[in-house]
Each structure stands twice: as structure tokens, then as C-alpha cells.
There are 2 protein chains.
Amino acid sequence: MNLSVLIVEDEPLIANDIREICLEHGINVAGIAYSFSQAKDLLETQSVDYVLLDIKLGDNDDGLVLGKLLHEDYFIPFSYVTSFSDSSTLTAARSTHPNGYLVKPFRSNDILIQIQLGYDISLRNVKHEIPTLEDVNKKIADGLSTREYDVLVEVCKGKSNKEIADALFVSMNTVKSHLKNIFSKFEIKSRAELLTMLLG
Amino acid sequence: MNLSVLIVEDEPLIANDIREICLEHGINVAGIAYSFSQAKDLLETQSVDYVLLDIKLGDNDDGLVLGKLLHEDYFIPFSYVTSFSDSSTLTAARSTHPNGYLVKPFRSNDILIQIQLGYDISLRNVKHEIPTLEDVNKKIADGLSTREYDVLVEVCKGKSNKEIADALFVSMNTVKSHLKNIFSKFEIKSRAELLTMLLG
DNA sequence: TTTATCATCACCCTAAAGTGTGAAAAACCA
DNA sequence: TGGTTTTTCACACTTTAGGGTGATGATAAA
């Protein structure tokens, strides 16, 4: 799964530094925004999975406003990457629901941790219904095929292999074959584990 | 809100350092554990809201085991605080669902951020929990016994009968026996159906 | 056109799950 | 104390699930 990260940072040197770190680790960079408005433009036009967000853009705390927007309107998870760690800034930041908070100067790996862990956290939140193919594929490196997903949906309904075969008009061997691939891709060994992953 | 933090760290100097930082910021320290077993003792006896967890305890990665336990059994949120940020350690750590990951050496404020942000995140995660015994019994005429509920909880975690037997310190036949009764009371035929009923 | 990938299925085999019966301690309660 | 429920376990048995290998036609990409 290839994440797309948006970098919102008014200092070009730092922004570039972050971009390099991402690219080195195979993380796609959806763009760099040097201001609040540029960030909004990119959010409208690009596919963004995670945002690294500087609190201070220019002279004001536009980062906090953008953070609030990300959480409430765009539903895109983000980490703050900022020089400030005083308690008033931190309190303000916490209220915007970031998934991470990195204080500058940072190390190369810190960026990676923010993105990966922050994204993990965002995946843990929503549940309850049978996930879509897109949601499922975010959890695994090698995505499911459409037919594999069909089988997964039936498993989520609590059906046995025989019942799934009847529902999809294929043989039970075919169902088993798809399930084998599903388990392999999720790196699990049973449908029970699959159910707890997807519904739990 | 006065948080209670457990520090799991095998180096006394670092552990003390973290303790001082917490106390300076009005965060209560539930205790310091220098080993896996000490950590388990403290988790049983103390009220703990958040855990700062070193991955390497002594010579092995007991921190990861403890992290898994915290997430699956204790339901206590935690951050790793470790010297390691290589990708294999990170991958292993991510699979245990930490709410933060801090690489040593850290700054004073980093500790505070981990605790506050990590705890914030845990509050947002109103996750789809394993239902309580009361909730479960609302769905069926003949209620489950406490031991049957214990088995049900393990099933909800995706465990196999053998794993459940080990977790509850009984034989696999006993687990099967309880499961038989559970299925009968729910009028179902498989654990998959049980999982979709409870989690779906 | 050649190469992948996907969807389908068969066959065989092992492991795990589930069923039926029965039974003996332990805990609970009246 | 005596009866009931719970918890524990055994053994034998059937069914289902899961793993390995391999093969086919179809479709898609290069």
C-alpha cells in the first residue's frame, strides 16, 4: 500500500528535507504547501492519506485551523511537525485531534514513525460495518482482487465455505482457493482472525 | 484529570529521568517496572492510565510482548520509548497497536507529548469492544455462565480452541464443551456466526 | 504476441472445529 | 445437609477448515 502524504510547511528547506525522507522510504508525496491556501488547493486536487502539518505558517497559527479542518471536514489524519512544545500550544494542538506531534529538530526516522503510526491509528478508528474493498486494501501490502473481496464479504456475514460457494455460484474448492489467498495476504491462519481484524 | 503512568524501562537512570519529568508536569507515576514480570505485577495491583514502554528489557524484546498484552488483555494505551527505530523493529512494534513511539534520546517535552496525545487518542477510540456479559445475555434466553463468557471473550479475540485453552488454563475439551453450550444458547453452529453476531 | 494476473476447479492430505455422551469434582444455594 | 448448577475433562466420532500442488480458460497488460 502506497501512502500519499501532504507536507504543509512554510520553510522550503525543511519541507524539502521532509520530502526527501518520505521518498527515500517509498512514501509518495502528494505535494508541498507553503501556506494555508496552498494546502487547501492541494487537498482539493490531490489524493491525500496523511498530512504533516506545521503549526506556524508565516506569522500566524494557521496550522491549527487547518488541523481542525482536516479532522472535521476532510477526515484526513495528520501529525503536527513544529518547533513549539510549550503547554499552551500543545493544549491548542490537542484539541484539533492530531494523530502525532513531532517537535523540531527531528530525525529522519521520526518522520517515518509519524506517518506510519499516525496512519495505523486512523485505521483503527472506524469499524462496525463490512469494510469496503478500498478500506480492506489499506491494511495490506498486496491488495485483494474483486472476487477475493466477494468471498471476504460473505465470510463477514458468518457463512461457511459451502454457503459462500452457493451464494457466489462457484464450487467450494474455488472458495477455499480464494480464502487461501486472502489469509496469505493478511498473514493470518483462520477466518476467526479475519473477522476480528475486520469487525473487531 | 490526573493521569497515572506506568514506566517500563530497564535502565534505572532513564526510568528516573522519565519519572521526574512526569512529576514536574503533575502526572502521577503508578510505578517503575524494570522487567516484564515487574510490569505485570504493577498492572495487576495499580491503577494505570497509560504506559511508557521500553522495547528492550534486559536482553530480549519483552516490551513487544507486553505491548501486545496491554492492547489485547489490559486495554491500556501505551507509547514505546526506545533506542531502536530500524524498520524491522518498527514493523513489529506497529503490529502491537501503540499510540505513540518515541526514539531515545528524548527531550523533556517529548515525554509529556507522548502521554497526553497518546491518552487523547485512546479516548477517541470508542472502538467496537467485546460486549460485556450483561450485553451478551440480553441477546439470549438462557444466559451464559461466567466461564462461558470467558471463552466467548477469547473467541472474540480471534483465538483458536488450543489458544483459548492455554489462555484460560484448561484443557481443549473443556473449551469445546463451553463452546458447545454457547452455540446452543445462541442457536448457531460456528464461531464465525458468533463473531458476526457480536462484532458485526 | 507474449506475459501476467485472475478466476475457476480438482485432488489429496492434515489440522481444527464441532457433536454426542457421559461423568466427576467444585461451587452455589436453599 | 442435600440438591442444583457450574466447571472440568475424556473419548470417540463427523464435519469443516485450511494447506499444497497443479491445471485450465479468460482477461489484461506489455
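To find a chain, count down the sequence lines: A is the first, B the second, and so on, and within it residues start at 1.
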Go through the side-chain N and O atoms of B:S79 and B:Y50 and say whether any donor and acceptor fall under 3.5 Å apart.
-> yes

Short side-chain N/O contact to D:dA10 OP1/OP2 from B:N173, under 4.0 Å | yes

Can we say B:D73 and B:K68 salt-bridge, meaning some charged N sits less than 4.0 Å from an Asp/Glu carboxylate O?
-> no

Protein-nucleotide distance (A:I164, atom CD1; C:dA7, atom P), rounded to Å | 15 Å

Figure out the CD/P separation between A:E163 and D:dT16, and round it to whole Å.
-> 10 Å

Give me, pair by pair, the N or O atoms of the protein and of nucleotides 25-30 of chain C that are less than 3.5 Å apart, along with how far apart they are.
none

Given D:dG18, D:dC9, C:dC9, which nucleotide is nearest the side-chain atoms of A:V170?
-> C:dC9

Taking DNA chain D as the partner, which of residues 182-192 of chain B come within under 4.0 angstrom of it by heavy atom?
-> none

How many Å lie between CG on A:L168 and P on C:dC9, as a whole number?
-> 10 Å

Should the pair B:H71 and B:H97 be assigned to parallel (<30°), tilted (30 to 60°) or perpendicular (>60°) ring geometry?
-> parallel

Within 45° of the ring axis of A:F84 and under 6.0 Å from its six-membered ring centre, is that where the NZ or CZ of A:K56 lies?
-> yes

At under 4.0 Å between heavy atoms, what does A:T174 touch on the DNA or RNA strands: base, sugar-phosphate, or nothing?
-> base

Any side-chain N or O of B:N161 under 4.0 Å from OP1/OP2 of C:dA16?
-> no

Per A:R147 side chain, nearest of listed nucleotides C:dT8, D:dA10, C:dC9 | C:dT8

Between B:N28 and B:S4, does any side-chain donor sit less than 3.5 Å from a side-chain acceptor?
-> yes

side-chain N/O B:H178 vs D:dT8 OP1/OP2, d < 4.0 Å = yes

Nucleotide by nucleotide, 5' to 3', does protein get under 4.0 Å of the base (B), only the sugar-phosphate (S), or neither (-) in nucleotides 20-30 of chain D, counting heavy atoms?
-> BB---------

Between A:T96 and A:Y80, a side-chain donor and acceptor under 3.5 Å | yes

Salt-bridge present (A:K157, A:E163; N to O < 4.0 Å) = no

Nearest-nucleotide pick for B:L179, side chain only, options being D:dT7, C:dG18, C:dA16 = C:dG18

